[in-house]
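We count ligands from 1, going down the list as the structure has it; atoms in each ligand are counted the same way. Only a predicted model underlies this, so the values are computations on that prediction, with no experimental measurement involved. What's counted below: heavy atoms across the whole structure, side chains too, no hydrogens, waters or symmetry copies.
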Amino acid sequence: MADVEFTNTEYGKNWVRLLHIRRLGGKHQDIRELEVCTSLTLDSKKDYLHGDNSDIIATDTQKNTVYALAKTKGVTTPEQFGLDLCHHFLSSFSHVTMVKVDVTMAPWRRIKIGGQDHAHAFIMTPDAVRFCHVEQARQGPPVVHAGLKDMKILKTTQSGFTGFLRDRYTSLPDAEDRCLETVVYSRWRYSTLQGLDFDAAWNIAKSTILEEFAGPPSTGAFSASVQKTLYDAECEILGKVPQISEIEMTMPNVHNFTVDMSKFGLENKDEVLMPVDKPSGNIHAAIRRKTTSKL
Ligand SMILES: O=c1[nH]c(=O)c2[nH]c(=O)[nH]c2[nH]1
């Protein structure tokens with residue numbers, strides 16, 4: 001068609017599942033289970049325009065490449081595997097102009113027997129799901145985002161929400177003390193890969209969010225709102241990991257309503273609550289370092 005132009009083209013294979021076993025000698029083994037999505041942009045549009053498939057690296061080939069690189073390069077971290085895939089497609093095919101890779105890692109942990117890590121037996125502990133997005137244009141450096149999602153956390157006190165704006169539609173009373181539940185999503189960008197340990201950085205981000213949410217073990221830390229707790233966690237992460245230049249977090253406010261038992265003549269002192277999945281609040285903020293910041 002004469003009066004249209006492409007604004008983007010990309011194609012790839014979604015959800016390539018792979019379990020990589022690193023055999024470390026004897027009975028000691030390590031695993032990484034990944035789900036990988038690849039996406040390529042080519043320098044011509046002849047496939048879309050004319051049905052000329054001669055430049056297409058078939059999505060089936062992309063899937064096979066994921067398995068082949070797992071064999072030849074190994075799988076150390078999801079981020080490094082994403083970098084390896086970007087490098088492979090850009091260095092193998094001069095007509096590939098952009099590679100994007102999404103990797104999600106299944107949360108397997110070693111089973112502990114009598115307090116001791118097992119050599120080769122694992123348990124799924126879905127307390128948080130780790131993911132990353134790696135993309136690289138032909139002329140540019142790789143850009144790595146990492147993140148965590150589905151981290152469901154709750155605390156039964158040391159949370160309040162008071163002093164908010166009131167209008168004629170406001171019915172919510174001030175809460176000096178409430179139950180706070182959320183499901184954390186966070187994604188951050190590494191501005192440099194120099195001196196970066198992807199596993200260590202991810203673990204710091206996760207534990208910082210948990211520490212900010214929970215506070216010290218016996219006393220906790222008061223949360224004035226989801227907004228404040230979310231922002232404090234983001235700042236702490238930027239403070240601890242210098243390679244992270246920007247971070248976003250989403251924390252829904254998942255409600256647990258106190259059941260009214262006054263009609264049964266019972267006084268419910270916030271001991272019996274009703275979890276409600278919908279609706280929930282939804283709080284989001286993205287922050288980045290100011291260019292002059294030395295956070
Ligand atoms: O931490 C909160 N932030 C809000 O913006 C909000 N709104 C609301 O109804 N409850 C809460 N809690």
Residues [X] and [Y]: side-chain donor-acceptor under 3.5 angstrom:
{"X": "Asp232", "Y": "Thr229", "answer": "no"}
{"X": "Ser159", "Y": "Arg178", "answer": "yes"}
{"X": "Gln62", "Y": "Thr38", "answer": "yes"}

Exercise. Do the ring planes of Phe89 and Phe93 sit parallel (below 30°), tilted (30 to 60°) or perpendicular (above 60°)?
Worked result: parallel
Exercise. Do the rings of Phe164 and Phe161 sit parallel, tilted or perpendicular, given the 30° and 60° boundaries?
Worked result: parallel
Seminar exercise, completed: The closest protein heavy-atom partner of atom 7 (N) of ligand 1 is Phe161 CE2, 3.6 Å
Exercise. Is the closest basic N to carboxylate O distance between Asp127 and Lys206 below 4.0 Å?
Worked result: yes
Problem set entry | Closest to atom 5 (O) of ligand 1 among Gln227, Lys228, Met251, His255 (heavy-atom distance) | Gln227
Problem set entry | Nearest-option assignment for atom 9 (O) of ligand 1, heavy atoms, candidates Thr170, Leu172, Leu230 | Leu172
Problem set entry | Atoms of ligand 1, numbered as shown, that sit under 4.0 Å from any heavy atom of Ser225 | 1 (O)
For this session: Under 4.0 Å from a heavy atom of Asn253: give me the atoms of ligand 1 that qualify, with their elements.
Result: 10 (N), 11 (C), 12 (N)
For this session: Please state which part of Val226 comes within less than 4.0 Å of ligand 1, counting heavy atoms only: side chain, backbone, both or neither.
Result: both
Problem set entry | Side chain, backbone, both or neither: Arg178 near ligand 1, heavy atoms under 4.0 Å | side chain
